[in-house]
Protein chains: 2
Amino acid sequence: MLTKSTEYAIRALVYIQLRNNLNQRPGVFEVANEIEAPAAFTAKILQTLTKHELIGSMKGRGGGFFFTDQKKTLSLYKVISIMEGNSVFTRCGFGLSQCSDSNPCPLHHRYAAIRDGYLQIAQTETIQSLAAKIERGEAVLNTLSKNT
Amino acid sequence: MLTKSTEYAIRALVYIQLRNNLNQRPGVFEVANEIEAPAAFTAKILQTLTKHELIGSMKGRGGGFFFTDQKKTLSLYKVISIMEGNSVFTRCGFGLSQCSDSNPCPLHHRYAAIRDGYLQIAQTETIQSLAAKIERGEAVLNTLSKNT
DNA sequence: TTATAAAAAGACCTGTTTATCCTTTTATAA
DNA sequence: TTATAAAAGGATAAACAGGTCTTTTTATAA
C-alpha cells in the first residue's frame with residue numbers, strides 16, 4: 001500500500017512525538033534505531049520532512065528533531081501526500097486512467113468503497129493519535145518492544 | 001495497491017474471457033492493444049499466466065490464448081497471488097514485520113478491517129464476474145470504450 | 001575560540017519493476 | 001512440404017525505489 005519511505009516517515013514522526021512528550025529531541029541514529037530503519041536512509045527522510053516543515057531540526061551539539069508546535073496535530077494523509085503523493089487515494093483498482101462513478105471499471109464500486117475507507121483512516125488518524133495509543137500501551141512502535 | 005503487471009494480467013484475462021465467450025482466441029497483439037499495455041510486456045505476462053496454467057495457449061497460425069475450462073471461474077485472489085504473492089493481503093499498514101491482533105501497531109485494527117475488505121473483493125470477484133459486468137454494459141475494460 | 005557533535009547536501013550504488021528486442025520453437029494453411 | 005503466423009524463451013535496457021557514503025554547514029560545550 002504505502003512505500004517504505006512513507007512507512008519510515010510515519011514511524012519516525014511517531015517516535016519523535018513520543019520523545020518530544022518527554023521533552024527530548026532525538027537525533028537521526030536514535031530515530032533510525034527505534035523505528036528499525038537504515039540510518040542513512042532515515043536521515044534522508046528526516047531531511048524531507050524538515051524541508052516540508054512537518055518537523056523542525058537543530059544542528060550541532062544537542063541537536064535533533066522536534067515538532068515546533070506541540071498543540072497542532074499532523075494527519076497521516078498529509079504525511080502520505082508529502083512522501084508519495086495522493087494517488088493511493090485516487091487510483092483505479094483495475095489500473096484504468098479514466099475510471100469514475102459514471103464510467104466505472106468492473107471493480108470500481110467495491111474498490112472505491114475500500115479506498116474511501118482507507119482515506120478516512122488517513123484523514124482522521126494523526127501522528128499524535130498513534131503516539132497516544134503507544135503511550136497508553138495499546139499498541140507498539142516496533143518489533144523489539146512487546147507490550148505484554 | 002497492485003503492481004502494473006498484476007493489473008495488466010487481470011485486464012488481459014478479462015479480455016480473453018470476453019473473446020472466448022464469442023468463440024475466439026486473441027493473440028498477444030490484440031490483447032495488448034485492447035488492455036492498453038505494451039505488447040512485449042503483455043507477451044511476458046501472458047507467458048507467466050500460461051506457465052501457471054491459468055490459461056492455455058496455441059502456437060502457430062490461428063493460435064492465441066484461451067481458458068481451457070469454460071465452466072470454471074478464476075478468482076482475482078488467485079491471479080494476484082500468482083503475479084505478486086499475497087503480501088498485499090497480509091502486510092502491516094504501518095510497516096511492522098510483527099503485527100497482529102495480540103501485538104498490534106497503532107494502525108492495526110482499523111487497517112486490518114480495510115485489508116480484509118479488500119481480501120473479500122479479491123476472493124469473491126472473478127475474471128468471469130468482471131467480464132459479465134462488461135458484457136452487461138455496466139462497466140468498461142479500457143479507456144477507449146465509453147459505455148454511454 | 002576551538003574541538004566536537006549534529007543535521008544538510010550531494011554524489012553514488014543496488015535491486016526491482018517495467019519494458020524491449022531478438023531468436024527459437026511450433027502449428028497450420030496454402 | 002514449405003512459407004508463414006504465432007507463442008516461448010532469453011538477453012538486455014530504462015526507470016524508479018531503496019539505500020550508502022562523503023563532504024559541508026552549523027551550533028554549542030569545553
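Each chain gets a letter, A, B and so on, in the order its sequence line appears, and its residues count up from 1.
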(message) Regarding A/Gln17 and A/Asn21, do their side chains bring together a donor and an acceptor under 3.5 Å, going by distance alone?
(response) yes
(request) Using a strict cut-off of less than 4.0 Å between a Lys/Arg side-chain nitrogen and an Asp/Glu carboxylate oxygen, indicate whether B/Arg19 and B/Glu34 qualify as a salt bridge. (result) no
(request) Report yes if a donor N or O on one partner sits less than 3.5 Å from an acceptor N or O on the other, where the partners are the side chain of B/Lys51 and the base of D/dG9; otherwise report no. (result) no
(request) Evaluate whether atom CD of A/Gln70 has more than 12 neighbouring non-hydrogen atoms of other residues, nucleotides or ligands under 6.0 angstrom away. (result) yes
(message) Could you tell me if the side chain of B/Thr6 sits less than 4.5 Å from the side chain of B/Val88, heavy atoms only?
(response) no
(request) Could you work out which one of D/dA27, D/dT20, D/dA8 sits closest to the side chain of B/Thr50? (result) D/dA8
(message) When you measure only distances, ignoring hydrogens and angles, does the side chain of A/Gln47 come within 3.5 Å of the base of C/dA7 through a donor and an acceptor?
(response) no
(message) From C-beta outward on A/Lys44, which listed nucleotide comes closest to its side chain: D/dA30, D/dT20, C/dT26?
(response) D/dT20
(request) Rounded to the nearest angstrom, tell me the gap between atom CD in B/Glu84 and atom C1' in C/dT16. (result) 13 Å
(message) Checking base pairs now: Watson-Crick or wobble, both atom distances under 3.5 Å. What partners D/dT26?
(response) C/dA5
(message) Starting the side chain at C-beta, find the nucleotide from C/dT18, C/dA8, C/dA30 nearest to B/Arg61.
(response) C/dA30
(message) Quick check on contacts: within residues 14-36 of chain B, what sits under 4.0 Å from DNA chain C by heavy-atom distance?
(response) none
(message) If you compare every side-chain N and O of B/Ser57 against the phosphate oxygens of D/dA7 (OP1, OP2), does one of them come in below 4.0 Å?
(response) no
(request) For B/Gly63 and for A/Thr42, locate the closest nucleotide of DNA chain D by heavy-atom distance; then report the residue assigned to the nucleotide nearer the 5' terminus. (result) B/Gly63
(request) Taking only the side-chain heavy atoms of B/Lys59 (C-beta and beyond), determine which of C/dA5, D/dA7, D/dT26 contains the nearest atom. (result) D/dA7
(request) Kindly point out which of C/dA19, D/dG19, D/dA11 is positioned nearest to the side chain of B/Lys4? (result) C/dA19
(request) Among the candidates C/dA30, C/dA7, D/dG19, find the nucleotide nearest to the side-chain atoms of A/Tyr8. (result) D/dG19
